[in-house]
Amino acid sequence: MPETASSQALDTFPRLLLNHARIRGSKAAMREKDLGIWQCWTWQGVADEVRALACGLAEMGFKRGENVAIVGDNRPRMYMMMTAVQCLGGVPLPLYQDAVASEMLFVLVDAEVRFLFVEDQEQVDKVLELQEQLPQLRHLFYDDPRGMRHYTQPFIHDVRELMEMGRLHNRNHPDLLATEVAAGAPHDVSIMLYTSGTTGKPKGVCLTHDAFICAARGGVEFDHLSEDEDILSYLPMAWVGDHLFSFAQAMVTGFTINCPESAETVMNDLREIGPTYYFAPPRVFENLLTQVMIRMEDASAIKQKMFHYFMSVARRSGAEILDSKPVSFSDRVLYALGNFFVFGPLKNVLGMSRVRVAYTAGAAIGPDLFRFYRSIGINLKQLYGQTETCAYVCLQPDGEIKFDSVGKPAPGVEVKIADNGEILVRGPMLLKEYYKRPDATAEAINADGYFMTGDAGLFDDEGHLKIIDRAKDVGKLANGAMFAPNFIENKLKFFPFVKEAVVFGDRREMVCAFINIDIGAVGNWAERRGIAYSGYTDLAAKPEVYGLIQDSIEQVNAELVGEGPLADSQIHRFLILHKELDPDDDELTRTRKVRRGFVAEKYGVLIDALYGGKDSQFIETAVKFEDGRQGKVAADLVIRDLKTFGTAGREAA
Amino acid sequence: MSRQIGEVILDLKQVSLSFGGVKALTDISFDVREHEIRAIIGPNGAGKSSMLNVINGVYRPQLGEIILRGQHFSKMNPYKAAKAGISRTFQNIALFKGMNVIDNLMTGRNLKIRSNLIQQAFWWGAARREELAHRAKVEEVIDFLEIQHIRKTPVGRLPYGLQKRVDLGRALAMEPSILLLDEPMAGMNVEEKQDMCRFILDVNDQFGTTIVLIEHDMAVVMDISDRVVVLDYGKKIGDGEPDAVRANPDVISAYLGASH
């Protein structure tokens with residue numbers, strides 16, 4: 001059959017693109033809102049621009065196998081540049097757009113980047129700051145010409161010049177692109193993504209065309225995605241999740257990716273596009289819910305009553321209706337009414353009216369949060385994976401959703417649990433290697449070809465994988481009981497008032513915690529009670545806020561009693577930090593995971609105070625502002641003792 | 001900077017303005033060159049806002065004249081000023097609070113609308129084409145000032161700093177050749193001030209707009225303006241480049257308040 005013949009050949013991203021241009025050339029491939037109007041590129045249009053970009057790069061002396069760094073927000077031309085580089089057998093290397101210059105330096109040097117494609121003046125300035133440390137840099141292209149008139153450096157070019165050059169080149173060498181694409185092989189590296197580096201220097205994860213195409217096809221099959229999906233691409237391009245959902249899956253099925261106008265307009269753009277397929281880390285779902293709740297508190301009494309009544313109906317039966325499980329007739333009628341009055345309009349406000357499948361991944365999602373979205377009829381599911389596995393290991397099948405598991409192994413993936421509890425995976429989607437780090441590659445992939453995820457987990461009776469913690473973070477308390485810090489922190493973070501939590505307890509006699517409050521939620525709570533505050537530091541130190549957080553933690557302590565081996569991990573003492581943990585201060589990774597070791601070292605004084613039985617501690621901390629300036633925050637932090645519970649449920653104080 | 005400061009385009013000659021017995025401005029002369037950023041500074045009540053109001057014709061000076069691109073105006077009025085390409089922002093934001101950002105900016109295009117009321121009421125033919133063209137222009141301003149996220153928000157609901165930006169946006173929507181800014185940074189925090197400075201410099205640089213601004217923040221004035229006029233009790237006490245003005249003893253005693 002010709003069908004199989006052609007699908008066999010569709011084994012690299014450039015070939016997929018050319019195929020889309022051939023069979024659905026006039027269908028929308030990408031959209032971007034510019035000057036208030038959604039601009040559209042068809043697959044043919046994308047193929048033409050990619051050809052111009054690729055030929056331009058060839059003209060500039062680009063060589064096969066080279067790495068091209070791409071830095072910026074999600075823009076159609078940024079995605080096109082990825083394919084253009086792949087056409088020539090190069091490797092695109094997207095970087096986090098909010099990284100400061102010094103963070104970019106390591107990667108640019110490590111990957112010997114000669115060609116850089118950035119979005120705008122802000123990114124150009126960052127590169128110029130590093131220019132002297134980048135002797136290998138040859139060409140810097142920018143997408144947005146705004147503010148670039150006075151940059152006269154000869155190696156800085158408007159990407160339009162590059163494309164113009166490419167079109168000319170293409171006229172003289174019309175066969176070049178076809179030859180280059182034909183020379184590509186599925187086992188070539190298609191993209192390099194640097195891991196956020198919770199530990200040590202970032203490592204470049206090399207993933208092949210084959211790996212990503214397999215992962216994308218698996219996901220597409222699993223959720224029956226078609227070319228008619230619409231997705232909003234707003235997560236950092238350097239994140240594996242965006243690459244899988246916005247790039248690989250779009251390339252495999254031919255659906256449309258939509259780029260928001262700016263980072264601030266995402267909510268609006270979401271409503272205008274109404275994506276059918278949606279992907280967000282738990283943090284985004286959490287922010288959306290917080291916004292809804294804040295607005296509900298300000299709504300009129302009738303609306304509030306209606307909202308709370310129908311939400312209770314939804315909690316009772318919404319998730320069951322979504323999973324097509326049996327539900328009583330009266331609840332069905334009430335749910336339908338609720339859908340008309342509350343859930344429908346709410347989904348519309350959230351931009352989720354058309355969502356068929358929504359995924360969340362990257363961190364644990366709170367059970368209440370997860371149930372909320374499912375109960376109003378959004379098919380939100382969890383997946384589990386990491387950069388090294390193309391974000392593709394486990395998926396939750398429709399109708400088998402459990403909030404505390406991440407689902408079953410995805411098609412084509414083998415998952416097994418090692419003796420020490422670590423999750424091992426094997427399959428076509430594994431990384432090829434870490435860039436220039438054979439030592440790290442050998443450490444991560446064992447003799448049987450399993451990738452060692454570093455996560456500890458277990459399978460439940462129905463074959464669903466449950467993640468407990470990072471394998472290396474799982475420690476022991478002084479009395480030998482198991483201590484899983486992330487597990488506890490996630491429980492804390494499920495409270496809307498707690499933004500971030502760091503707990504300590506490994507090899508210690510008790511568990512203590514640092515808390516970051518959520519300034520939005522706590523601020524609103526404080527305003528409602530007429531508590532005046534001047535900023536984060538002030539609000540965090542209020543005794544009322546301490547009381548609020550204390551209640552939350554004690555609730556967690558009560559829950560922990562029922563968690564068997566973790567009952568001894570109840571939190572005995574806590575304090576609220578005087579500043580928010582921030583990636584600019586290296587306290588969080590760019591994906592906003594806590595760097596535990598770094599935080600413990602930086603705030604050593606506070607830990608000593610927690611364990612030393614003091615009831616307050618002075619601390620002064622240097623902070624870095626977004627524009628690179630330095631400042632200091634100082635505060636006298638209060639430390640409070642908490643109620644803990646005996647395993648029999650008795651209060652032990 | 002590639003921007004070239006050109007010839008004098010606005011020249012004020014011996015302007016005096018009084019309200020009854022109160023002399024707001026006495027015998028003031030200064031000029032503004034094309035593409036420059038010209039600051040007017042002075043203590044409260046020195047006559048700075050009156051000066052701007054004279055330039056765009058809100059107040060009519062009893063004496064003196066205004067020469068705009070070689071044309072003499074002894075009686076300027078706001079309509080003539082606007083027609084001649086002068087637009088302004090206000091110290092106490094004067095936007096339509098109940099209208100959204102787009103509609104407020106569209107009012108800045110009002111003078112350029114050619115179609116008549118009836119055509120507009122039916123929004124048909126030329127009126128429709130015209131409005132689309134104006135809307136496109138407004139979108140450029142929105143893009144320029146980075147206010148895409150508040151496009152459809154009623155202005156009254158916006159924080160003060162953003163309202164100021166919308167106020168500037170409306171003035172820009174007129175595509176002015178001379179822009180008068182009345183304390184564009186009053187009441188803003190450091191970050192908002194920095195943003196506003198950048199927008200003012202960008203306007204000047206990208207569109208070559210001549211800017212006359214009143215500002216209290218000395219650091220800002222000294223940083224961004226090409227020349228500074230200093231007023232005190234309605235009289236001009238200094239005029240020149242920022243460094244020269246800073247060194248002028250009259251200015252120091254009247255305004256900067258430093259010891260001699």
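Chain naming here is simple, since letters A, B, ... match the order of the sequence lines and numbering starts at 1 in each.
- For Glu241(B), the CD atom counts as loosely surrounded, since its 6.0 Å shell holds 12 or fewer non-hydrogen atoms of other residues, nucleotides or ligands.
- Side-chain contact between Asp205(B) and His150(A) is present, with heavy atoms from C-beta onward closer than 4.5 Å.
- No more than 12 heavy atoms of other residues, nucleotides or ligands sit less than 6.0 Å from atom CD of Glu7(B).
- Counted within 6.0 Å of CZ on Arg146(A), heavy atoms from surrounding residues, nucleotides or ligands total more than 12; the atom is thus considered enclosed.
- Among pairs with a residue in residues 182-192 of chain B, those fulfilling salt bridge (Lys or Arg N to Asp or Glu O under 4.0 Å) read Arg88(B)-Asp182(B), at least two apart in sequence or across chains.
- Listed in order of number, the residues of residues 134-149 of chain B that approach chain A to under 4.5 Å between heavy atoms are Glu139(B), Glu140(B), Asp143(B), Phe144(B), Glu146(B), Gln148(B), His149(B).
- Contact of the Lys152(B) side chain with the Asn268(A) side chain is not registered, since no non-hydrogen atoms from C-beta on lie closer than 4.5 Å.
- Heavy-atom contacts from other residues, nucleotides or ligands closer than 6.0 Å to NZ of Lys112(B) number more than 12.
- Within 6.0 Å of atom OH in Tyr160(B), more than 12 heavy atoms from other residues, nucleotides or ligands are found, so the atom counts as buried in its surroundings.
- Other residues, nucleotides and ligands place no more than 12 heavy atoms under 6.0 Å from the CD1 atom of Ile118(B).
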